[in-house]
Amino acid sequence: WRRRLDFVSITLTVYSLGCLLLELELETDTFRSAGWWYWNELVIALLFTAEYLIRWITAADRRLYPLTFLAVIDLMAVMPFYIGLFADPGDWAGLRVLRMVRVFRLFRHTESLQLFLRAFYRCRSELGAVLMVVVLVILVNSLAVFYFEHPVQPDKFAKPSDAMWWCVVTMSTVGYGDLTPITKLGRIFGVLTVVVGVASYGVFLTLFGGAWIDVLRERREKQALHSAGEATGTAPTE
């Protein structure tokens, strides 16, 4: 029954995402579903709710299940519909787009995505340190650039948030060109921002790449043990 539930869950998830894309493409009202779209989403939301309750009831630890990643995703998949029943769509603009989080439900059924998450979890502490450094650099550099560029470009660097947008874009090496420092000190901080951004990408790829290789190697070793156990007729050992 669990395999059948997984098959229904995958089919329903793909179907709901397809309906959302079609609705946003064909309908002019992007705030509230109407007509057939409303009843279609009602059925989907009820089925998702039933699946959530079934998985909660049959979970090994019912108290901790609502706090798991996949359980939170399942809950977020239906919350936009229930919120839209009682809230004014004008106050929750774009609420229906949040239904796109349903794509993360496929993590439960796709082994490659689970391995991807496992690799992230394995190097979470190191990646957290890198993220902390990146956030600090964004805060310091954006404030410095705002301080130097605001007097000469008040229309472009009007607020610190504008400088922060420039800093994030520059660190990612995208460089839209909508905001560009013109003072000498501002350009110096721009160079530092690019250097830190490239270095952080290198560190991230090194940490995650190592964890990803370890996860794949463990998977191959388990598959080899399982194949050897089937060949000899003995149960594989961990």
What I'd like to find out is whether the side chain of [X] reaches to under 4.5 Å of the side chain of [Y], using heavy atoms alone.
X	Y	value
Y201	S172	yes
E41	V43	no
S200	V133	no
L12	I44	yes
Y65	T68	yes
D178	W166	no
L131	V135	yes
T13	F48	yes

Donor-acceptor under 3.5 Å ([X] side chain, [Y] main chain):
X	Y	answer
E149	T183	yes
D162	A158	yes
N141	I138	no
R62	I57	yes

Minimum heavy-atom separation for [X] and [Y], please, with both atom names.
X	Y	answer
C19	N40	SG-ND2, 3.5 Å
L115	R219	CD1-CD, 3.6 Å
F146	P151	O-CD, 4.3 Å
E51	S9	OE2-OG, 2.9 Å
C123	A211	SG-CB, 4.0 Å

Test of understanding: clusters of I, L, V, M, F, W, Y form through side-chain heavy atoms closer than 4.5 Å, transitively. Do [X] and [Y] belong to the same one?
X	Y	result
V194	V169	no
M164	F148	no
V195	V140	no
L42	L22	yes
L136	L143	no

Calculate, to the nearest 0.5 Å, the distance between atoms [atom1] and [atom2] belonging to [X] and [Y] respectively.
X	Y	atom1	atom2	value
Y52	D74	OH	CG	7.5 Å
F189	K184	CZ	NZ	15.5 Å
L47	Y15	CG	OH	10.5 Å
T180	R187	OG1	CZ	8.5 Å
F157	I182	CZ	CD1	8.5 Å

N-O pairing of K222 and E218 below 4.0 Å: no

R124 to Y121 six-membered ring, cation-pi geometry met (6.0 Å, 45°): yes

Steps toward side-chain contact (heavy atoms from CB on, under 4.5 Å) verdict (D155, Q153): CA-CA 5 Å; D155 55 332; Q153 300 187 83; 4.2 Å; yes

Exceeds 12 heavy-atom contacts within 6.0 angstrom, atom OH of Y147: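 Count not over threshold, so no.
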
M76, CE atom: more than 12 neighbouring heavy atoms under 6.0 Å: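 12 or below, so no.
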
